Amino acid sequence: MKNNNPKQLRFAYGEALAELGESNPKIVVVDADMAEGTRTIDFKRKFPERFYDVGIAEQNLVGVGVGLSLTGLIPFINTFAWLISWRAGDPVRTLVAYAKTNVKLIGGYGGFSGPMDGATHESIADISVMRSLPGLAVISASDHEQVKSILTVIADYDGPVYLRLSRAEVINFHDSSQQFKLGKGILIKDGNDITLIGTGTIMSRVLKAATVLQSEEINAAVVEIPTIKPLDKELIITMADKTGSVVTCEENNIIGGLGSAVAEVLSENLPVPVVRIGIRDCFGETGPYDKLLDKYEMGVKDIVEAAKKAMRISRTLG
Amino acid sequence: MEKKLTLKELERTAWELRLKALKMVFHAKSGHLGGSFSAAEILTTLYLHSAVLDSDNPDWGARDRIYISKGHCAPIYYPVLAKSGYFPEDELFTLRKMGSRLQGHPDKNRLPGVEMSSGPLGLGASVSVGTALGLRQQNSDSRVYCLLGDGETQEGVVWEAAMTAAKYGLGNLIFILDYNRYQLSGSVESVQPIEPVADKWKSFGWRTVSINGHSVREIAEAFSIVKRGDTVNLPLIIIANTVKGKGVSFMENTSAWHGKVPSDTEMVLAIKEISAHLTNKS
């Protein structure tokens, strides 16, 4: 049964983390004065002796988390997505990716999801940054059920992970039977005319775009890629082969994120038109979340137009 | 479990390992001698006398943890590890060779005994704080040591870590500051002063002890301040006053030998000077 009350994704994370803390005593949480925002507050209340707050110090946040992992614990390291990607960039590169430590980096407020704070607080390219680090798994969650499932999987996975979350309100489109598998994409809806590939909370818009396309008699396949790295190349190639053109959708810079990843795989294996929906290499601004997504060309109509464009290019290429 | 060396043996061993480091860097034609020579007695005493370790079982859960945050002192760190039995001594001359386990900076996933990869300065401070927290949470008696360079403490993350260590009262944590007073581009005093060192750490909530960092007796005494399972709730920093390039007159007290390789002529002189110390200690 799907619980379809709209809820911010971070709340689902907070609840799931506190729940997981019960079954896995090795889980510890490190935060940088953001527990109310990241929602690690739920874990903190339940397990104060396994919760560490280093204050506003993100390099130290990552270093302390890594140090905890070296004693056999499984740290979940939390702050804003942009702070963990940039301010803590070197600790993440050196201590997490290069040293291959078993830590879970959690980036809250991904994309434009903290929009009223403006461009400084919007994370426009954490996926691009994290994807460029060897050995780091990069995941972007789309709904509450999926967050729960992701946490269980990454806690068991022995290696470094970056998980991008969001403050956006979302409704479930997965149900509890759909278990997340690291490195596996999900064929949400099959189709023959075009493949829409999305990641993260923008999936709700991707699904709406597929419905609009259907009303215009374009049968779009919808693929969700929760794990941007390692990428499910097989599924992407199969669907590109079947439909002949692709649109990628993400709340991240079109440079270096999912769109780039998909384009890289297809250009080396099965060149078909790929049109990317995402932040078009610019900073955002203050504004209501949904309106910002529309203004910055991540609207349902943008996805629909992109699909038509990709199909047009495909036809031209013959 | 390692055999503990006596103070006399430690003294001699530090000079032997210094000579080894010199030859390794000369052979590799690359590496950092100045900050390796300043740390020779500190690392020799820590690994071969004070810390509780088992090189036959590098992952033994009850071991003390040692982090070398100033990873560029690899030329002395590696011989100390080899002497401790973590890997064969004849591998030392693969330093900085392609495919070697002895990378330019230490890599935990290649070389046994290396607790954490290091090189980018300051990060070891945070890692050691996290480890001290994790060990305490799991009721371990193990101590955590972290060797820092003096210039390294110009990195802000060191002070972030210092605050966290004090907040959580980490009595199982010991920093050692290799205070050799020189960094890559000049004296610490001229590049970015760090004084008053002891007062800074005290004001951050740390216990401090200042020693001669080339006296194995003083080093061993400082290490004996924190016993395994101590219930003291203050972290300790040992301010080890050292000489950059210690042991080779023309390398001492200068930043010029931070990362320089001796010429053939300089090498002859350097070997002679270090060997003279060995003769004196025999």
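Please read these numbers as outputs of a predicted model, since none were measured by experiment. We name chains A, B, ... by the order of the sequence lines, and we start the count at 1 in each one.
Residue contact with chain B, scored on non-hydrogen atoms closer than 4.5 Å, involves the side chain of R93(A) exclusively. Of the two parts of T101(A), only the side chain, counted from C-beta on, holds a non-hydrogen atom closer than 4.5 Å to a non-hydrogen atom of chain B. With a 4.5 angstrom heavy-atom cutoff, E49(A) touches chain B only via backbone atoms.
Atoms OG1 and CG, from T131(B) and L70(A) in turn, are 4.5 Å apart once rounded to the nearest 0.5 Å. Rounding to the nearest 0.5 Å places CG of L95(A) at 9.5 Å from OG of S118(B). Of the inter-residue distances, the one linking E58(A) atom CD with E160(B) atom CD reads 7.5 Å to the nearest 0.5 angstrom. Here T164(B) contributes atom OG1 and N60(A) contributes atom CG; the two are 4.0 Å apart, rounded to the nearest 0.5 Å.
The number of heavy-atom neighbours closer than 6.0 Å to NZ of K108(B), taken from other residues, nucleotides and ligands shown, is above 12. Counted within 6.0 Å of NZ on K200(B), heavy atoms from surrounding residues, nucleotides or ligands total more than 12; the atom is thus considered enclosed. Annotation for R131(A): atom CZ counts as buried by contact number, over 12 foreign heavy atoms lying within 6.0 Å. Heavy-atom neighbours of K44(A) NZ from other residues, nucleotides or ligands within 6.0 Å: at or below the threshold of 12. Residue-environment remark: NZ (K46(A)) exceeds the threshold of 12 foreign heavy atoms within 6.0 Å. For Y157(A), the OH atom sits in a packed shell: over 12 heavy atoms of surrounding residues, nucleotides or ligands are nearer than 6.0 Å. Shown here is I225(B), whose CD1 atom has more than 12 heavy atoms of other residues, nucleotides or ligands within 6.0 Å.
Between L123(B) and P91(A), the shortest heavy-atom distance links the atoms CD2-CG, 3.7 Å. Closest approach of G134(B) and L73(A) over heavy atoms only: CA-CD1, 3.8 Å. A pairwise comparison of heavy atoms in S117(B) and A99(A) identifies OG-CB, 4.0 Å as the closest pair. Shortest non-hydrogen contact noted between Y168(B) and Y52(A) is OH-CA, 3.3 Å.
With contacts defined as side-chain heavy-atom distances shorter than 4.5 Å, the pair Q137(B)/V28(A) qualifies. In this structure the side chain of N109(B) never reaches within 4.5 angstrom of the side chain of Y98(A), judged on heavy atoms.
In this structure, a donor-acceptor pair under 3.5 Å is present between the side chains of T71(A) and Q138(B).
Annotation: maximal heavy-atom pairing with chain A below 4.5 Å, among M116(B), K167(B), E115(B), occurs at M116(B).
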